[in-house]
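Every chain is numbered from 1 and lettered A, B, ... according to where its sequence line falls, protein lines coming before strand lines. Below, each value reflects all heavy atoms present in this structure, side chains not excepted, and no hydrogens, waters or symmetry copies.
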Number of protein chains: 2
Amino acid sequence: MNKIKIVIVDDHLLFSQSLSFLINSFKEFAVCGNYNNGKDFLTGLKAMDELPDLVLLDVNMPVMDGVETMRRLKEDYQGLRVLALSVNDDEDTIIKMISNGASGYLLKDTHPNMFREALLKVHETGYFYTEMVSGVLINKLEAGNKASLKERELEFIRLACTEMTYREIADEMCLSPKTVDGYRENLFQKLEIKTRIGLVLYAMKNKIVCV
Amino acid sequence: MNKIKIVIVDDHLLFSQSLSFLINSFKEFAVCGNYNNGKDFLTGLKAMDELPDLVLLDVNMPVMDGVETMRRLKEDYQGLRVLALSVNDDEDTIIKMISNGASGYLLKDTHPNMFREALLKVHETGYFYTEMVSGVLINKLEAGNKASLKERELEFIRLACTEMTYREIADEMCLSPKTVDGYRENLFQKLEIKTRIGLVLYAMKNKIVCV
DNA sequence: GTGAAAAAGGGGAAAATTCCCCTTGTAATA
DNA sequence: TATTACAAGGGGAATTTTCCCCTTTTTCAC
C-alpha cells in the first residue's frame, strides 16, 4: 500500500526533524518534505509534481505565519488538507486557522497516539476537531459580535495606549478634541471601564495593541 | 561503548516523543526517560538507581516550569548536566536558567546537527553556550542594575496598572497620597516617561504585570 | 422619503493627574 | 562626626481626564 504523504511546515528544526522520525515510525505515513515557514512552503508547493496528502502547519513562524499561509492556500489549493499545529490555545488564532480552512487544530502537547488518530481521521474524513476547538467555536458563536469595535474606535484605542493626551490624539485623528471625548465615553460604557488605564488593559488583553 | 543516557522533560508530548526518535538515531545517545513537567521529573529522579548523563529541560511547562526545576536541582543534584530547551529567547528567562546552573540554553529551532554537537559538548565539557546566550550575558553585565526597582515601587506600579486612583492606591499601600505622588514622579523620571499610561506600558513590556 | 441610529461636535464643571519645589527623619557609611 | 541617600510627607497650581447633557449632520434600513 502507498503511504500517506505528509509535509511539515515548522520553523523549529528540532521539532520538525524529530516529528519526521515519529511520523515515519507510523506504518501508514511518510514525511515527504520539511519547510521552515509558509513562504518556503508555498514556493515548494508550486514546484511539486504531486501534492502531499496532508500538511502539518505550525502557526507561529517567522516570515510567513500559519494564518497567512492558510489564507494563501485557500486561494489556490482549496482542497489541500491542513492540520494546524501550535503550542498556544489562543482563541483568536484557532478561529482564524479553522475559518481559513484548516482541517483541525492540535496542540503540541498532544499524545503521539492521539496524534496518529488525528492524522488518520483528517486523511479519511477531512477534519479532526478536538474538544478544545469545538469549545472555542461554540464560545465564539455565543459571544457573537458582543463588543464589535469599529475601525475608527480601534484607531483611537491604539492611540490611547500611548503617552499622547486626548488633544494630541484628536490632532492625529483629525478630529476635534470633543469628538475624541465622545469616542472615549462611548468605549468606557461599552467596555464597562472607568479610566484610560482600563482601556489600555483592555487593549492589551484583547491584543488590539501588543506589548 | 555505553550510550550517553538522556532524559527529556517537556510537556509537549509530540515534541518529546519525536525528539526521542531523533536522539536515538544518534549513535552516541539513548533516551532513558520522558517526563511531563519538573515535578514529575524530580519525583522520578529520586527513584532512579542511576542518574542520567544529561537532562533536556523545557522552560515553559505547567505545574513546575524549567526555572523552578533548575532551582530545585541546584539543591540536591548540583552536578547534573542540564540543557535548557525553549521556544523563547526572553532575556530574563535565559539569565534565570543559566544562573541556576543550566549548562546551556538552546532554542527549539536549532538545527539537528547543531543539537547533536551541543549534546556532545555538554557531555564532554559541561557547557555549551550559543552566541545568543553569550550575548545576553554580556548585555546583562552592561545593563547592571540600571533600572533596579525596589519592592515598594513594584507594588506601586502593579496598583497603577489598575483603574484605582492615586488616592485609592495610597490607601491600599497605607501611605499618604503625597507620598504616592513622590513614587510616581520618581518613576517617571527614572523610566523616562511622562504619564501613567507610559507606566502601564513599561510594566507590560517588562512583565511586571501580565496581560 | 422618513425615521432611527451613528458620527461629529460642544459647554461646563468636578475629579484626577502631573509638575515643581520644599521639609523631616532615619539609616548607612566614609 | 559629617555626608549622603532615601523614604515619607507636603503646598500649590497647571493640565488632563472624566462626566453629563446637548445639537447638527450623515447614513442607512424600511
Colleague: Grab the NZ-P distance between A:Lys178 and D:dC21 for me, whole Å please.
Modeller: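 Computing the A:Lys178:NZ to D:dC21:P distance gives 14 Å.
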Colleague: Is it true that the NZ or CZ of B:Lys194 lies under 6.0 Å from the centre of B:Phe188's six-membered ring and within 45 degrees of the ring axis?
Modeller: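 Relative to the ring axis of B:Phe188, which defines the angle, B:Lys194 lies outside at least one limit.
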Colleague: Look at the side chain of B:Glu185 and decide which nucleotide, out of C:dG12, D:dG10, C:dC19, has an atom nearest to it.
Modeller: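 Among C:dG12, D:dG10, C:dC19, the one nearest the side chain of B:Glu185 is C:dC19.
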Colleague: Taking the side chain of A:Arg184 as heavy atoms from C-beta outward, which of D:dT18, C:dT17, C:dG12 is closest to it?
Modeller: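 Shortest atom-to-atom distance from the side chain points to D:dT18.
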Colleague: Report yes if a side-chain nitrogen or oxygen of A:Thr195 is closer than 4.0 Å to either non-bridging phosphate oxygen (OP1 or OP2) of D:dT17; otherwise report no.
Modeller: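 No, outside the criterion.
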Colleague: Quick one: label A:Arg167 by what it contacts on the DNA or RNA (base, sugar-phosphate, nothing), any heavy atom closer than 4.0 Å.
Modeller: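 Here A:Arg167 touches no strand at all.
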Colleague: Grab the CZ-C1' distance between B:Phe188 and C:dC21 for me, whole Å please.
Modeller: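 About 18 Å, once rounded to whole Å.
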Colleague: Could you walk me through whether A:Val9 and A:Met61 pass the side-chain contact (heavy atoms from CB on, under 4.5 Å) check?
Modeller: CA-CA 9 Å; A:Val9 187; A:Met61 289 181 296; 3.8 Å; yes
Colleague: Side chain of B:Asp181, heavy atoms from C-beta onward: which of C:dC19, D:dT17, D:dC19 has the nearest atom to it?
Modeller: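 Ranking C:dC19, D:dT17, D:dC19 by closest atom to the B:Asp181 side chain puts C:dC19 first.
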Colleague: Between D:dG11, C:dG9, D:dC19, which one does the side chain of A:Ser176 approach most closely?
Modeller: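 The answer is C:dG9, which lies nearest to the side chain.
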Colleague: Could you give the CD1-to-C1' distance, from B:Ile193 to C:dC19, as a whole number of Å?
Modeller: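 It works out to 14 Å between those atoms.
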Colleague: Distance check: side-chain N/O of B:Thr179 vs OP1/OP2 of D:dA8, anything under 4.0 Å?
Modeller: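 So the side-chain polar atoms of B:Thr179 never come under 4.0 Å of the phosphate oxygens OP1 or OP2 of D:dA8.
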Colleague: So, for B:Thr162 and B:Arg196, which heavy atoms are closest and what is the spacing to 0.1 Å?
Modeller: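 Closest heavy-atom pair between B:Thr162 and B:Arg196: O-NH2, 2.8 Å.
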Colleague: Counting only side-chain nitrogens and oxygens, does B:Tyr183 get under 4.0 Å of the OP1 or OP2 atom of D:dG9?
Modeller: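 No, B:Tyr183 has no side-chain N/O under 4.0 Å of OP1/OP2 on D:dG9.
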Colleague: Whole Å only: how far is the CG atom of A:Asp171 from the C1' atom of D:dT16?
Modeller: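 So the two atoms are 15 Å apart, to the nearest Å.
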Colleague: Distance check needed: C:dT18 C1' versus A:Glu168 CD, whole Å only.
Modeller: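 It is 14 Å, rounded to the nearest whole Å.
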Colleague: Rounding to an integer number of Å, can you tell me how far B:Glu153 CD sits from D:dA8 P?
Modeller: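 Answer to the nearest Å: 10 Å.
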Colleague: Can you see whether A:Phe156 has A:Arg184 sitting over its ring - NZ or CZ less than 6.0 Å from the centre and within 45° of the normal?
Modeller: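 No, cation not above the ring by the 6.0 Å, 45° rule.
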Colleague: Rounding to an integer number of Å, can you tell me how far A:Arg196 CZ sits from C:dT17 P?
Modeller: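 My rounded result for the distance is 13 Å.
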Colleague: Distance check needed: D:dT15 C1' versus A:Glu163 CD, whole Å only.
Modeller: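 To the nearest whole Å, that distance equals 15 Å.
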Colleague: According to a strict under-4.0 Å criterion, is A:Tyr166 in side-chain N/O contact with OP1 or OP2 of D:dT18?
Modeller: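 Yes.
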Colleague: What pair of heavy atoms forms the shortest contact from A:Ser20 to A:Ile8, and how long is it?
Modeller: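 What the structure gives for the nearest pair is OG-CD1, 3.6 Å.
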Colleague: Identify which nucleotide among C:dT17, C:dT18, C:dA8 has an atom closest to any side-chain atom of B:Thr165, counting heavy atoms from C-beta outward.
Modeller: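 Out of C:dT17, C:dT18, C:dA8, the nucleotide with an atom closest to B:Thr165's side chain is C:dT17.
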Colleague: Looking only at the side chain of B:Leu175 (C-beta and beyond, no hydrogens), which of the listed nucleotides C:dT18, D:dG9, C:dG12 gets closest?
Modeller: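 The nucleotide sitting nearest to the side chain is D:dG9.
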